[in-house]
Protein chains: 2
Amino acid sequence: MLGELTQEKTSFRDVKAEILRRITDGPWGPGSLLPGEVELADEFGCSRTTMNRALRELSELGLIDRRRKAGTRVRMAPLREARFEMPIMRAEIEKTGATYRYALVSHTVLEAPEWLRAKLSLKPKTPVVHLICLHFANGVPFQLEDRWINVAALPEALEQEFTNVGPNEWLVKTVPFSEVEISFHAVAASNDAVTYLDHNLGDPVFCIERTTWWKGEAITFVTLSHRRGHRMTTRY
Amino acid sequence: MLGELTQEKTSFRDVKAEILRRITDGPWGPGSLLPGEVELADEFGCSRTTMNRALRELSELGLIDRRRKAGTRVRMAPLREARFEMPIMRAEIEKTGATYRYALVSHTVLEAPEWLRAKLSLKPKTPVVHLICLHFANGVPFQLEDRWINVAALPEALEQEFTNVGPNEWLVKTVPFSEVEISFHAVAASNDAVTYLDHNLGDPVFCIERTTWWKGEAITFVTLSHRRGHRMTTRY
DNA sequence: CCTTGCATTATGCTTACACATAACTATACA
DNA sequence: TGTATAGTTATGTGTAAGCATAATGCAAGG
């Protein structure tokens, strides 16, 4: 008697999974038109709301295309996107079981050079903090961080030492909700990379550049250079 | 905000936007505990369902953290992820207004070399198709594609010419729902890169490697090398 | 002091229903 | 023949209600 009460309802997860199955190796190949929500809900023995959620999430995944009146179609070329969590170095390194160490290499305050002014739309003579830091994994230098912070937008940066806490962690705490442009590319090892990352001059280095704005104002620009052979990987 | 005379109902979008505002420049800083769904729904004049959807989507965005009983908290370090649409070269290039051209450089069928067998878990003597192709933007070589296709898993590949249609487009049509591992790194220009991409030997080259499985079986492995100075960029 | 377990509570999910809106279709009218 | 318009239909989004489930804290019992 009581056992009957724990009767499971059809969850949107189950529905989603089954529809996904029918799309990937079942009868609903690319381009095909799915039955309407009502019909499907009926077939699966769930409410339209539940079916709607399942389909909505599949649509967010980029597998199906939904249009009013037109109905729900399986995408011809499911546009799946790769996602990368923007790593905080400490977390990234400690996740692998390695021990993390941070070191500040240099710390200067100066007027923004021209290229930086152009990049961040800074006024002439804007003071900036320039930092060079190293991130170690198990004692081996792993990432070289070359960072510029716009003091006009973030005067607190002047009071920071950055000797124990890296600028990244400090910035994430201080300006948590920023807008970001990120770009990946390969460059020849600079002098700094040679000195600190055990490269030879001209070696290919995997670089990440990140510019950060807050309320329309540029906060910081950083170049992250990686140790030889570094890869950035994800699955989906 | 609420004073709309037209009987509009409060949409989950509005709710979401306002909550986001309160998080980013309002009173709900990182770490703070939000009121419960019921209370919020009451304040915003919407149903709990609507509030739930708004909060759920913010949680999917990585801005808040929700736990039963514990309540809803603003994340200390909002873990936002960068997203890259995995480009189909033709679309990517034509999007910029440039004209796209594809060329097949070489096409061979052979037994999988040892390193490939290891990478894709292939049996000894598995035949593979090896292709080298070029993608041009406005007549300039833009991307060099070095692709291996597992014939055991995809015998149709043997019948394809790949002279007009690139392997990527063909594969997307043929095996649309695959599992993918993708990785970015920098390497020194290989002979092929020198020959086809106008590099000098040893130049840093931005590389994408992609391995694709379908139903647990490796389908294809591809290395994409890019022209000098290429960047992969996204905003979020 | 430490466990065990119950009550509480906030989120998670489902149902049933209703109306909104976009887009396709058919029909009417100039 | 071409265009305007109304009807139809599938998805989009909202409300109210209820049970499910996880996490927390308090209390009883050893």
> Which value, rounded to the nearest 0.5 Å, describes the distance between Phe162(A) atom CZ and Trp170(A) atom CH2?
Replying inline: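 One finds 5.0 Å between CZ of Phe162(A) and CH2 of Trp170(A).
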> Is there a residue in residues 30-40 of chain B whose heavy atoms reach under 4.0 Å of DNA chain D, and which residues are they?
Replying inline: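 Nothing qualifies; none.
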May I ask you to evaluate whether [X] reaches the phosphate of [N], defined as a side-chain N or O under 4.0 Å from OP1 or OP2?
| X | N | result |
| --- | --- | --- |
| Arg56(A) | dG12(D) | no |
| Ser11(A) | dT14(C) | yes |
| Arg66(A) | dG12(D) | yes |
| Arg53(A) | dC13(C) | yes |
| Arg67(B) | dT24(D) | yes |

Does atom [atom1] ([X]) have a neighbourhood of more than 12 heavy atoms from anything else shown, all under 6.0 Å?
| X | atom1 | value |
| --- | --- | --- |
| Lys215(A) | NZ | yes |
| Trp28(A) | CH2 | yes |
| Glu39(B) | CD | no |

Rounded distance in Å - [atom1] ([X]) to [atom2] ([N]):
| X | N | atom1 | atom2 | value |
| --- | --- | --- | --- | --- |
| Lys69(B) | dT9(C) | NZ | P | 7 Å |
| Leu55(B) | dA10(C) | CG | C1' | 11 Å |
| Asp14(A) | dT14(C) | CG | C1' | 12 Å |
| Met51(B) | dC13(C) | CE | C1' | 18 Å |
| Arg73(A) | dA10(D) | CZ | P | 13 Å |
| Glu60(A) | dT11(D) | CD | C1' | 14 Å |
| Arg68(A) | dC19(C) | CZ | P | 16 Å |
| Glu57(B) | dG12(C) | CD | C1' | 15 Å |

Which nucleotide, [options], lies nearest any side-chain atom of [X]?
| X | options | result |
| --- | --- | --- |
| Cys46(B) | dT15(D), dT24(D), dG12(D) | dT15(D) |
| Thr49(A) | dT11(D), dA16(C), dG12(C) | dA16(C) |
| Thr50(A) | dT14(C), dT24(D), dG12(D) | dT14(C) |
| Arg48(A) | dG12(C), dC19(C), dA22(C) | dC19(C) |
| Phe12(A) | dT14(C), dA10(D), dT15(C) | dT14(C) |
| Ser47(B) | dT15(C), dA16(D), dA22(D) | dA16(D) |

> Testing Asp42(B), Ile19(B), Val38(B) for side-chain contact (heavy atoms from CB on, under 4.5 Å) with Met51(B), which one passes?
Replying inline: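 Testing Met51(B) for a side-chain contact (heavy atoms from CB on, under 4.5 Å) against Asp42(B), Ile19(B), Val38(B) leaves exactly one candidate, Ile19(B).
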> Relative to the 5' end of DNA chain C, which residue comes earlier, Gly45(A) or Ala70(A), by the nucleotide with the nearest heavy atom?
Replying inline: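 Its nearest nucleotide lies further toward 5', so the answer is Gly45(A).
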> Are Arg66(B) and Ser59(B) close enough that a side-chain donor and a side-chain acceptor fall under 3.5 Å?
Replying inline: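 No - no donor-acceptor pair under 3.5 Å links their side chains.
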>> Show the nearest heavy-atom pair for residues Phe206(B) and His226(B), with the distance to one decimal.
In response: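 The pair with the smallest heavy-atom distance is O-ND1, 3.0 Å.
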> Partners of Arg75(A) by side chain to side chain contact (heavy atoms under 4.5 Å, CB included), sequence neighbours excluded?
Replying inline: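 Arg75(A) satisfies side chain to side chain contact (heavy atoms under 4.5 Å, CB included) with Asp65(A), Leu79(A) once adjacent residues are dropped.
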